[in-house]
Amino acid sequence: MNITSDIKYIGVNDHTTDLFEGLYRIPEGISYNSYMIVDEQIAVMDSVDAGFTEEWLCNMENELNGQHPDYLIVQHMEPDHSANIVNFIRRYPAAKIVASEKAFTIMENFFHTDFKDNQMVVADGDELSLGRHRLVFYAAPMVHWPEVLVTFDTTDKVLFSADTFGRFGALDENAGEYVDNDIEDWKDEARRYYIGIVGKYGVFVQKLLAKLANLGIQKICPLHGPVLTENLNHYINLYSIWSAYQPEEEGVLIAYASIYGNTKQAALLLEEKLKENGCPKVVLRDLARCDMSEAVAEDFRYSKLVLASTTYNTQIFPPMREFISWLKERNFANRTIGFMENGSWMPIVARLMKDEFERGKGLTFAENTVRILSALNEESEAQIEALAKELWREV
């Protein structure tokens, strides 16, 4: 597949792996993207997961037409992109491996060799000419490993963005192009990918976006998901919002963890009251049953969060505790949080949940807290009404 007349797609699709990084469900699969720039000298951009070695090498050879690659550019050392470095060098021993100094250190950890005879170390701002194409490398530390580079082809204005702008989901193998121009279709799985994989490192993403701001990028080639060719400002703007920990839109996520259904009933009543007050978007998530990464990504989407939990062994109910842990690990910030607690004999979980967020940046806590003693009554229903009015009044 052609990205431009000189840039070829040689990646693969994985429809067998059920958990990405052993943690994130990927029912629609995942792509491992690799590219080739054909010029006076030929550069291959990253390799693919170990389970797809032969397919990748075959894709490469089909595009080489009997030629030999001069460079393997390693932007990111995570194994789904670097697993075939050894196989590449065995087949093309004269090729150079282009990577950051830290990447070669990690290579030695993985492969017990530093590829000394093939090394070409590059750093931020370094350039590589292939002939017509001039590549510029930009250091992108902690997006989301410390060795990461992104590469800009100044000739075709193509950004090879490593894991930045990636998305869960295999590519449509029957499509004529590896392109996705529907931002609404793209962003849900891209958001889940970003928040899960990169979300902790927003400050580093902001620094990278600043480096790339004036390059005149016309296409973005990530290591996962479709090549982006139109409306690039929309994608870049989303990354700016996500990495600044700002909400995308006004709305309330109600995340609840219920044992016998009474806390769930309270969450449903709050949803009803919020809608009556005109709240434009209310989303409920049962933390004991939903995909945790989806719930976390949606939480980063909306401006307000309500945590509804029962007290369990005088502590936070485990599904809620896990959810809060995911949020804190990803630097959850700049939101309003409300609390609903249930406890037949010790309703203390609202305080415990609030304590978890005390050091969060830009967090505002709702004045009204809902306290349920086993089941809803007139008092707790009135508290839900007050919380709904408070949350929507702020908008």
Task: Side-chain touch E272/I384, heavy atoms, less than 4.5 angstrom - done: no
Open item on the list: Checking the side chain of D80 only, and the main-chain atoms of D49 only, is there a donor and an acceptor separated by less than 3.5 Å?
Closed with: no
TODO: Determine whether more than 12 heavy atoms belonging to other residues, nucleotides or ligands lie under 6.0 Å from atom CZ of F111.
DONE: yes
Open item on the list: A side-chain contact here means heavy atoms from C-beta on lying under 4.5 Å apart; do L72 and K96 qualify?
Closed with: no
Task: Expected output: side-chain T17 to main-chain F20 donor-acceptor under 3.5 Å - done: no
- [ ] Indicate yes or no: at least one non-hydrogen side-chain atom of Y32 is less than 4.5 angstrom from one of D46.
- [x] no
Task: Exam field: side chain E147 to backbone I106, donor-acceptor pair closer than 3.5 Å - done: no
Task: Non-hydrogen side-chain atoms of L128 and V122 separated by less than 4.5 Å - done: no
Open item on the list: Salt bridge or not between E276 and K273? Use side-chain N to carboxylate O under 4.0 Å.
Closed with: yes
Open item on the list: Within this structure, what is the CG-OG1 distance for the pair N109 and T105, rounded to the nearest 0.5 Å?
Closed with: 7.5 Å
Task: Ion pair D299/R285, N-O distance below 4.0 Å - done: no
Task: Ring-ring centroid check W326 F323, cutoff 6.0 Å - done: no
Task: Between D291 and S293, a side-chain donor and acceptor under 3.5 Å - done: yes
Open item on the list: Between Y92 (side chain only) and Y71 (backbone N and O only), is there a donor and an acceptor less than 3.5 Å apart?
Closed with: no
Task: Main-chain N/O of A190 paired to R192 side chain as donor or acceptor, under 3.5 Å - done: no
TODO: Can you measure from CG (L387) to CG (L274) and round to the nearest 0.5 angstrom?
DONE: 7.0 Å
Task: Note, V198 side chain near F204 side chain (heavy atom, < 4.5 Å) - done: no
Task: Euclidean distance, E21 CD relative to I197 CD1, rounded to 0.5 Å - done: 4.0 Å
TODO: Please confirm whether F300 and F332 have ring centers closer than 6.0 angstrom.
DONE: yes
Task: Spatial distance of atom OG (S47) from atom CD1 (I10) [nearest 0.5 Å] - done: 9.5 Å
Open item on the list: Do I316 and M353 make a side-chain contact, defined as non-hydrogen atoms from C-beta onward lying under 4.5 Å apart?
Closed with: yes
Open item on the list: Out of the candidates V227, V158, T155, D39, only one should pair with I7 under the side chain to side chain contact (heavy atoms under 4.5 Å, CB included) rule; please name it.
Closed with: V158
Task: Note, D124 side chain near K211 side chain (heavy atom, < 4.5 Å) - done: yes
Open item on the list: Closer than 3.5 angstrom, by distance alone: can the side chain of R335 be matched with the main-chain N or O of Y302 as a donor-acceptor pair?
Closed with: yes
Task: Flag, side chain of S129 to backbone of R134, donor-acceptor distance under 3.5 Å - done: no
Task: From CA spacing to verdict: side-chain hydrogen bond (donor to acceptor under 3.5 Å, both in side chains), Q75, T151 - done: CA-CA 8 Å; Q75 300 184 112; T151 307; 3.0 Å; yes
Open item on the list: Out of the candidates V38, T154, I37, only one should pair with H133 under the side chain to side chain contact (heavy atoms under 4.5 Å, CB included) rule; please name it.
Closed with: I37
Task: Name of the residue among R351, K328, R321 meeting salt bridge (charged side-chain N to carboxylate O under 4.0 Å, His left out) with E356 - done: K328
TODO: May I ask you to decide if G251's main-chain N or O and S303's side chain share a donor-acceptor pair within less than 3.5 Å?
DONE: yes
TODO: Examine distances only and state if a side-chain atom of T364 and a backbone atom of I337 form a donor-acceptor pair shorter than 3.5 Å.
DONE: no
TODO: Check whether any side-chain heavy atom of H144 lies under 4.5 Å from a side-chain heavy atom of H76, and answer yes or no.
DONE: yes
Task: Lys/Arg-Asp/Glu bridge criterion (N-O < 4.0 Å) met for E249, R301 - done: yes
Task: Under 3.5 Å: donor-acceptor pair, side chain of K219, backbone of I3 - done: yes
Task: The single option from W242, W186, Y239, F168 passing ring-ring contact (aromatic ring centres under 6.0 Å, His included) against Y193 - done: F168
- [ ] To the nearest 0.5 Å, tell me how far H15 NE2 sits from I26 CD1.
- [x] 10.0 Å
Task: Steps toward side-chain hydrogen bond (donor to acceptor under 3.5 Å, both in side chains) verdict (N377, S380) - done: CA-CA 5 Å; N377 57 23; S380 53; 3.1 Å; yes
Task: CD-OH distance between E63 and Y9, expressed to the nearest 0.5 angstrom - done: 12.0 Å
TODO: Measure centre to centre between the rings of F165 and Y235, then say whether the value is under 6.0 Å.
DONE: no
